[in-house]
Amino acid sequence: MKLTLYPFELKFRHTFTISRKSKDVQPLLVVELQQDGLSGLGETADNSYYNMTVPRLMESINAHRPFIESYTLDKPEAFWKDMFPLLQDNMFALCALDLAAWDLYAKRQNKKLYEVWGLNISHNPLTDYTIGIDTIENMVKKLKEFPWPIYKIKLGTKEDIAIITELRKHTTAVFRVDANCAWGVEETLNNAAAMKPLGVEFIEQPMPAADLEGMKTVFEQSALPVIADESCIVEQDVARCHGYFHGINIKLTKCGGITPALRMIKEARQYDMKIMTGSMNESTVGTSAVAHLLPLLDYVDMDGPLLLAEDTADGIRIDNGRIIYADRPGVGAVLRQA
């Protein structure tokens, strides 16, 4: 295989703020694997919370370039298994390679990836659209600027209930709340009770990942379901979240790609947990890959390209929450420019 790396820095439409930070630019890395005249694309994102930068990602992948370029891809699962010992300390890098391998694998069969898996896309969930933390006035402006059937509202302020109360006055859309670890037990329980009548569907990661004792109380007493994000990073976390969360948010970048995500979905179903796939502000390359998992999911947060003012590729399109697949094999993404 031939390996090519494409670093990008893409601007957000608006400053993107969550409970712990703000950013105006999203650094990304797109990986291309070429074999037998075909090309597969994968993507991974810079993320300071997990100490991942594009230079670190490139260094990790380039360290194993001779192995990758001498590899003959057959099954993506086998490629992931062989790469895991080399990149087990950098699942973000492994994700990009895994996505590219699945894209290439499906293209060799001249099928869309969901067709390779034999999935039915007729009942796919709609994606939400994220409203980042801002003044209440600006959050209302962002909501009005982007009419949508489902919103994910970032919280973790002293005005969280006031924010949801005010936003509810301007839309009948479903609300999902993401506190990004900002609340404690009592705050979570009080907020859940106040937000349920305001049309909030669930709360994502209300408390710090380490507070399992607190999450047990929340799980048992919350008026709203709670979904794990920072508490569910890799495969081993699925079992740890059982009995503490009603569902999990699987992020391909964090868990190491599609290959482990498929195993996590299967395991979570065995625990009767809800399944969501989220994004790390990826562009259309990574988001197009997520789209092929939709028939396996209850919820999806794949609004990365909608939040960015720039993009890396053409691929899936999003129409009022509905995902429209590109009429191309693989995941359907094609780089605009490198």
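Taking a cutoff of 4.0 Å between a charged side-chain nitrogen and a carboxylate oxygen, Arg269 and Asp298 qualify as a salt bridge.
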What's the verdict on side chain to side chain contact (heavy atoms under 4.5 Å, CB included) for Lys23 and Ser48, showing C-alpha distance, side-chain angles and the deciding distance?
CA-CA 11 Å; Lys23 53 185 177 180; Ser48 59; over 6 Å; no

List the steps and the verdict of ring-ring contact (aromatic ring centres under 6.0 Å, His included) for Trp117 and Tyr114.
CA-CA 5 Å; Trp117 296 329; Tyr114 71 79; 8.9 Å; no

Could you walk me through whether Phe146 and Asp303 pass the side chain to side chain contact (heavy atoms under 4.5 Å, CB included) test, one step at a time?
CA-CA 12 Å; Phe146 216 96; Asp303 60 349; over 6 Å; no

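A salt bridge (Lys or Arg N to Asp or Glu O under 4.0 Å) with Asp128 holds for exactly one of Arg176, Lys154, Lys152; it is Arg176.
Listed by chain and number, the residues in a salt bridge (charged side-chain N to carboxylate O under 4.0 Å, His left out) with Arg56 amount to none (sequence neighbours excluded). Listed by chain and number, the residues in a salt bridge (charged side-chain N to carboxylate O under 4.0 Å, His left out) with Asp314 are Arg336 (sequence neighbours excluded). For Glu32, the salt bridge (charged side-chain N to carboxylate O under 4.0 Å, His left out) test picks out no residue, with sequence neighbours left out. Arg317 meets the salt bridge (charged side-chain N to carboxylate O under 4.0 Å, His left out) test with no other residue; sequence neighbours excluded.
Scanning both residues, Met264 and Ile250, for their nearest heavy atoms gives CB-CD1, 3.8 Å.
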Sequence neighbours excluded and cut-off under 3.5 Å, please list the side-chain donor-acceptor pairs for residues 76-88, or say none.
from, atom 1, to, atom 2, distance (Å)
Trp80, NE1, Gly256, O, 2.9
Asp82, OD2, Tyr71, OH, 2.7
Gln88, NE2, Pro85, O, 3.4

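Listed by first and then second residue, the side-chain hydrogen bond (donor to acceptor under 3.5 Å, both in side chains) pairs that reach into residues 207-228 come to none, sequence neighbours excluded.
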